[in-house]
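These numbers come from a predicted model, not from an experiment.
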Amino acid sequence: PCRSRRGRGSVQESDGPMKTLALDLSKSCTGWAAWQPGWEHARLGHFSLGGPMSSNGQVFCKLQEKLRELVMTFDPDRIVWEQKINPQNLQAISNYQTIQLMGGLEAHAESFAAAFSIPARAINVSSWRPDFLGRDEIAGLRAAVKEEEKRTGKKIGTSDALKRGVMERAKQFGHDPRKHDEADALGILDYELLHRGITPPWRSAEVLQPTGAA
């Protein structure tokens with residue numbers, strides 16, 4: 001049965017500054033970022049949920065274990081994560097297992113938060129990334145990739161360029177992510193805090209510079 005460690009029967013909201021945990025859910029590498037009032041910077045980290053031979057069940061169990069460790073460490077008042085991929089954006093039939101896996105990860109994160117009576121929600125990448133990078137910066141990165149594709153005649157795609165852009169922005173904010181998964185988690189965290197009316201210290205102290213082109 002689901003039981004609240006906080007002695008509450010239901011999830012409760014808070015309008016004040018809150019301890020927040022953000023997740024970039026992935027089987028191979030889940031990034032996380034945590035912040036609470038009084039911290040100048042977020043705490044960042046990552047962990048693996050399984051290898052090529054791990055079953056979905058094993059991956060979900062590992063996520064529950066890791067979430068418990070994070071909650072015991074940071075005692076968050078809110079948990080957020082990047083929303084799973086829209087199936088309409090996946091064309092290959094072989095991606096059916098990816099849809100199953102990502103849907104399961106999100107469902108288990110939501111279930112875990114409910115069991116601990118922690119308010120939680122998923123945030124779409126199309127919401128947090130433009131806020132973190134800037135819409136003009138994203139447009140510039142996409143344009144640079146298209147120019148490179150035109151010059152080389154090769155299909156490159158914007159995914160790697162956007163990941164590098166998020167890493168660079170995280171560093172501009174005074175953080176030192178070891179992987180792009182950590183930087184993505186920071187972007188999700190940053191978006192959630194701003195959405196809740198909280199300006200994190202790295203925002204108030206930093207004058208942003210344009211990110212580099214791909």
(message) Checking Trp202 against Glu40 for the side chain to side chain donor-acceptor pair (under 3.5 Å) test, could you report, in this order, the C-alpha distance in whole Å, the side-chain angles of both residues, the deciding distance, and whether it holds?
(response) CA-CA 7 Å; Trp202 55 87; Glu40 287 300 311; over 6 Å; no

(request) Determine, stepwise, if the pair Ile198 / Trp35 fulfils side-chain contact (heavy atoms from CB on, under 4.5 Å). (result) CA-CA 11 Å; Ile198 302 167; Trp35 179 84; 4.1 Å; yes

(message) side-chain contact (heavy atoms from CB on, under 4.5 Å) for Ile138 and Arg129? Distances and angles first, verdict last.
(response) CA-CA 9 Å; Ile138 289 178; Arg129 189 183 279 159; 3.9 Å; yes

(request) Carefully, step by step, assess Leu105 and Val59 under the rule side-chain contact (heavy atoms from CB on, under 4.5 Å). (result) CA-CA 8 Å; Leu105 288 174; Val59 171; 3.8 Å; yes

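Here the side chain of Thr73 pairs a donor or acceptor atom with the backbone of Glu69 at under 3.5 angstrom. A donor-acceptor contact shorter than 3.5 Å is absent between the side chain of Glu147 and the backbone of Ala143. Remark: side-chain polar atoms of Gln64 are not paired, donor with acceptor, to backbone N or O of Cys61 under 3.5 angstrom. Not one N or O on the side chain of Lys27 forms a donor-acceptor pair closer than 3.5 Å with the backbone of Leu49. The main-chain N or O of Phe132 is never found under 3.5 Å from a side-chain atom of Trp128 such that the two would form a donor-acceptor pair. Between the side chain of Asp77 and the backbone N or O of Lys19, at least one donor-acceptor pair lies under 3.5 Å. In this structure a side-chain-to-backbone donor-acceptor pair under 3.5 Å is present from Thr152 to Glu148. A donor-acceptor pair under 3.5 Å is formed between the side chain of Glu106 and the backbone N or O of Lys84.
When each of Leu70, Leu189, Asp184 is tested with Leu23 by the rule side chain to side chain contact (heavy atoms under 4.5 Å, CB included), just one qualifies, namely Leu70. With respect to Ile118, the side chain to side chain contact (heavy atoms under 4.5 Å, CB included) criterion is satisfied by exactly one of Leu67, Asp75, Val71: Val71. The side chain to side chain donor-acceptor pair (under 3.5 Å) test with Asp190 is passed by exactly one of Arg169, His175, His195, Arg203: Arg203.
Using a 4.5 Å heavy-atom threshold, the side chains of Lys171 and Pro177 count as touching. Between Leu141 and Leu162 there is a side-chain heavy-atom pair separated by less than 4.5 Å. Between Glu82 and Leu25 the shortest side-chain heavy-atom distance does not fall below 4.5 Å.
Cluster membership check: Ile188 shares its hydrophobic cluster with Phe47, using side-chain heavy-atom separations under 4.5 Å among Ile, Leu, Val, Met, Phe, Trp and Tyr. Note on Leu21 and Leu194: separate hydrophobic clusters, where clusters join Ile, Leu, Val, Met, Phe, Trp and Tyr whose side-chain heavy atoms are under 4.5 Å apart, directly or indirectly. Taken together through direct or relayed side-chain contacts under 4.5 Å among Ile, Leu, Val, Met, Phe, Trp and Tyr, Met167 and Leu133 form parts of separate hydrophobic clusters.
Under a cut-off of 6.0 angstrom, the local environment of CD in Glu110 is sparse, with at most 12 non-hydrogen atoms contributed by other residues, nucleotides or ligands. By the 6.0 Å contact criterion, CZ on Arg121 is enclosed, its count of non-hydrogen atoms from other residues, nucleotides or ligands being greater than 12.
Taking NE2 of His41 as the start and CG of Asp176 as the end, the distance is 10.5 Å to the nearest 0.5 Å. Here Met102 contributes atom CE and Asn56 contributes atom CG; the two are 11.0 Å apart, rounded to the nearest 0.5 Å. Atoms NZ and NE2, from Lys179 and His46 in turn, are 5.0 Å apart once rounded to the nearest 0.5 Å. Distance CD/Glu168 to NE2/His180: 16.0 Å, rounded to 0.5 Å. Within the model, atoms CZ of Phe116 and OG of Ser111 stand 10.5 Å from one another, a figure rounded to the nearest 0.5 Å.
Between Leu186 and Ala170, the closest heavy-atom pair is CD2-CB, 3.7 Å. Minimum interatomic distance between Leu63 and Ala109 (heavy atoms only, all atoms of both residues): CD2-N, 4.2 Å. Among all heavy-atom pairs drawn from Ala161 and Val145, the shortest one is CB-CG2, 3.7 Å. Contact record, Tyr191 with Ser127: CE1-O, 3.5 Å, taken as the closest heavy-atom pair. Between Ile79 and Ala113, the shortest heavy-atom distance links the atoms CD1-CB, 4.3 Å.
Donor-acceptor pairing under 3.5 Å is lacking for the side chains of Asp181 and Trp32. For the 3.5 Å distance criterion, the side chains of Thr158 and Arg142 qualify, holding a donor opposite an acceptor.
Taking the charged nitrogens against the carboxylate oxygens, Glu65 and Arg68 have no contact shorter than 4.0 Å, which rules out a salt bridge.
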